[in-house]
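The residues of the chain are indexed from 1 along the displayed sequence.
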Amino acid sequence: MKAWTRTALTVWLLAVASLARAAPQDVVMYSVKGKFDTVTQNVKFAIQGRGLVVDHVSKIGDMLARTGRDLGRTRRIYLHAEVVQFCSAVLSRNAMQADPRNIVFCPYAIAVYELPQDPGRIYLSYRRPEMQGSGDSMMALQAVDKLLDGIIHDALQAP
């Protein structure tokens, strides 16, 4: 292989690697027609249905509306917006035992929100854990991703 070809290939590989590192975490998003309170409750039921406990519900929409007034910003971002946080002792233990840095993925969070320009359409989303570390770490994080996605699917299928 000629030197200039090797150099070009090396530069290309470095560029691709830096783009991959710079890419934001994947955000998985679903939407459904419905009522915000009903969909949010379905998410909580889906979490509890897996034997897990909701640790906290962050009222993001309320906070933004309240602080927006104080900041002089009147544009309404959400009709409703909450983030439901929870944990799984088993999955968290597996992930952190495989790699202590995986603590950053806990607690797990599912966002539920409704936009003013699309009332009646409820969005559900979560950040997909970045697959990192050893094979055991990646397997544990895949299990977390599967849990988050499964909870949303359960919530979407609820009556």
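- Side-chain contact of Asp55 with Tyr108: a donor-acceptor pair under 3.5 Å is absent, judged by distance alone.
- Considering only residues two or more places apart in sequence or on other chains, Tyr123 meets the ring pair (Phe, Tyr, Trp, His ring centres under 6.0 Å) condition with Tyr113.
- Hydrophobic clustering keeps Ile110 apart from Phe105 (ILVMFWY residues linked when any side-chain heavy atoms are closer than 4.5 Å, directly or through intermediates).
- Taking OG1 of Thr40 as the start and CD1 of Ile122 as the end, the distance is 7.0 Å to the nearest 0.5 Å.
- Side-chain atoms of Asp154 never come within 3.5 Å of backbone atoms of Ala46 as a donor-acceptor pair (strictly under, hydrogens ignored).
- With sequence neighbours left out, Val90 forms a side chain to side chain contact (heavy atoms under 4.5 Å, CB included) with Ser88, Asn94.
- Counting non-hydrogen atoms of neighbouring residues, nucleotides and ligands closer than 6.0 angstrom, the CZ atom of Arg93 reaches no more than 12 such neighbours.
- With hydrophobic clusters built from ILVMFWY side chains whose heavy atoms lie under 4.5 angstrom apart, Leu148 shares a cluster with Val39.
- With sequence neighbours excluded, no residue satisfies ring pair (Phe, Tyr, Trp, His ring centres under 6.0 Å) with Phe45.
- Nearest heavy atom pair, residue Ser125 against residue Val27, reads CB-CG1, 4.2 Å.
- In this structure a side-chain-to-backbone donor-acceptor pair under 3.5 Å is present from Glu114 to Gly120.
- The two residues Met138 and Gly133 have their closest heavy-atom pair at CE-O, 3.6 Å.
- Within a 6.0 Å radius of CZ in Arg73, other residues, nucleotides and ligands contribute 12 heavy atoms or fewer.
- Not a single donor-acceptor pair under 3.5 Å links the side chain of Ser137 to the backbone N or O of Ala98.
- Taking CD of Gln117 as the start and CZ of Arg76 as the end, the distance is 11.5 Å to the nearest 0.5 Å.
- Residue Arg128 holds its CZ atom at 7.0 Å from CE of Met131, rounded to the nearest 0.5 Å.
- Considering all non-hydrogen atoms of both residues, Ser31 and Arg121 come closest at OG-NH1, 2.9 Å.
- Heavy-atom minimum distance, Cys106 versus Met96: CB-CE, 3.7 Å.
- For Leu71, the CG atom counts as densely surrounded, since its 6.0 Å shell holds more than 12 non-hydrogen atoms of other residues, nucleotides or ligands.
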Inset, instruction - Apply side-chain contact (heavy atoms from CB on, under 4.5 Å) to the pair Lys33 and Asp118, showing each step before the final yes or no. - result: CA-CA 10 Å; Lys33 284 288 195 183; Asp118 197 5; 4.2 Å; yes
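- Under the side chain to side chain contact (heavy atoms under 4.5 Å, CB included) rule, Tyr126 has a single partner from Ile152, Val84, Asp26, Ile151, which is Ile152.
- Put simply, Leu147 and Leu156 are part of the same group of oily side chains (I, L, V, M, F, W, Y) that touch within less than 4.5 Å, one to the next.
- Using the six-membered ring where Trp is involved, His80 and Phe36 have ring planes that are parallel, under 30° apart on the 30 and 60° scheme.
- Residues Asp37 and Lys35 are not paired through a salt bridge, judged by the lack of any N-O separation under 4.0 Å between the basic side chain and the carboxylate.
- The heavy-atom pair separating Phe86 from Val53 by the smallest distance is CB-O, 3.3 Å.
- If you check the side chains of Asn42 and Gln157, you find no donor sitting under 3.5 Å from an acceptor.
- With rounding to the nearest 0.5 Å, the separation of CD in Gln48 from NZ in Lys44 is 8.5 Å.
- Residue Leu79 comes nearest to Leu115 through the heavy atom pair CD1-O, 3.7 Å, listed as atom of the first residue, atom of the second, then distance.
- The hydrophobic clustering, which links ILVMFWY residues whose side-chain heavy atoms are closer than 4.5 Å, places Tyr78 and Tyr30 apart.
- Following chains of ILVMFWY side-chain contacts shorter than 4.5 Å, one cannot reach Leu91 starting from Leu141, and the two form parts of different hydrophobic clusters.
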